[in-house]
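What follows is a single structure, written as structure tokens, with notes after it.
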Amino acid sequence: RIGAATLEVLDIGGARVDVLTSEAVHIVETPAKLAENFEEKAKKYAPLGHPVLAAAVKHYRAEINVTDVEDILFGELAYVSRQTMSGEIIGRTERLPDGVFAAQPELSAAIWLEPYRLPQPLLAVWENPARCNRIPDQVLTRIAETIL
């Protein structure tokens, strides 16, 4: 036990995986609050020295979706334009460097679950490209392929 949280240690394919199984739930109503919660989890569990996988479940009243979560994790998607020396304006869509993953390399991956989405629930899993600790690929694959 770590405070109010409980860790369950599983053995998947010979690799040791520490899984957080219970902790107080936060109701997230805004993208800013979700970013804050992901950052808080990364800071709280990084001292354990294991990969940190934070999960968030959409409350049925929350006005946030999977696109918002991607923006929170990877940085906001924005159209950026520049003018060349010849005066031509060129532009493209790119991610701004303001995502939780870039700011918190201790956060190895994140899960987003929308249990009330129709016609079927949504489960999305993202791995942090800047992570300190890697979660075994087979673990992330098994999570992503979970049928809800």
E36: which residues meet the salt bridge (charged side-chain N to carboxylate O under 4.0 Å, His left out) condition with it, sequence neighbours left out? K33
What are the two closest non-hydrogen atoms of A42 and L107, and how far apart are they? CB-CB, 3.9 Å
Say whether, by atom type as modelled, one donor and one acceptor occur between the side chain of N133 and the main chain of P105 under 3.5 angstrom. no
For T93, enumerate each residue passing the side chain to side chain contact (heavy atoms under 4.5 Å, CB included) test, keeping only those at least two apart in sequence or located in another chain. L77, Y79
With sequence neighbours left out, the residues meeting salt bridge (charged side-chain N to carboxylate O under 4.0 Å, His left out) with D137 are R134
Qualifying residues under side chain to side chain contact (heavy atoms under 4.5 Å, CB included), relative to L118, sequence neighbours excluded: none
Which residues pass the salt bridge (charged side-chain N to carboxylate O under 4.0 Å, His left out) test with E39, sequence neighbours left out? none
Checking Y60 now: which residues fulfil side chain to side chain contact (heavy atoms under 4.5 Å, CB included) with it, not counting sequence neighbours? Y116
According to salt bridge (charged side-chain N to carboxylate O under 4.0 Å, His left out), does anything in residues 79-91 pair up with another residue at least two apart or in another chain? List the pairs. R82-E94
If every non-hydrogen atom of W112 is compared with every non-hydrogen atom of N65, which pair is closest and at what distance? NE1-C, 4.1 Å
For P47, which residues count as a side chain to side chain contact (heavy atoms under 4.5 Å, CB included) partner, sequence neighbours excluded? none
Set of residues satisfying salt bridge (charged side-chain N to carboxylate O under 4.0 Å, His left out) with respect to D71, sequence neighbours excluded: R95
Which pair of heavy atoms, one from I135 and one from A109, lies closest together, and at what distance? CD1-CB, 3.9 Å
Between I89 and S81, the two heavy atoms sitting closest are CG2-CB, 4.1 Å
Atom of P115, atom of K58 and distance for their closest heavy-atom approach: CD-O, 3.9 Å
Residue Q120 excluded, over 12 heavy atoms near CD under 6.0 Å: no
Going by side-chain hydrogen bond (donor to acceptor under 3.5 Å, both in side chains), name the residues that satisfy it together with T84, two or more places apart in sequence or in a different chain. S86
Residues in side-chain hydrogen bond (donor to acceptor under 3.5 Å, both in side chains) with E106, at least two apart? none
Before accepting this row, confirm whether a basic side-chain N of the pair E40/K44 lies closer than 4.0 Å to the acidic partner's carboxylate O. no
Minimal non-hydrogen separation, D98 against G75, with atom names: OD1-CA, 3.1 Å
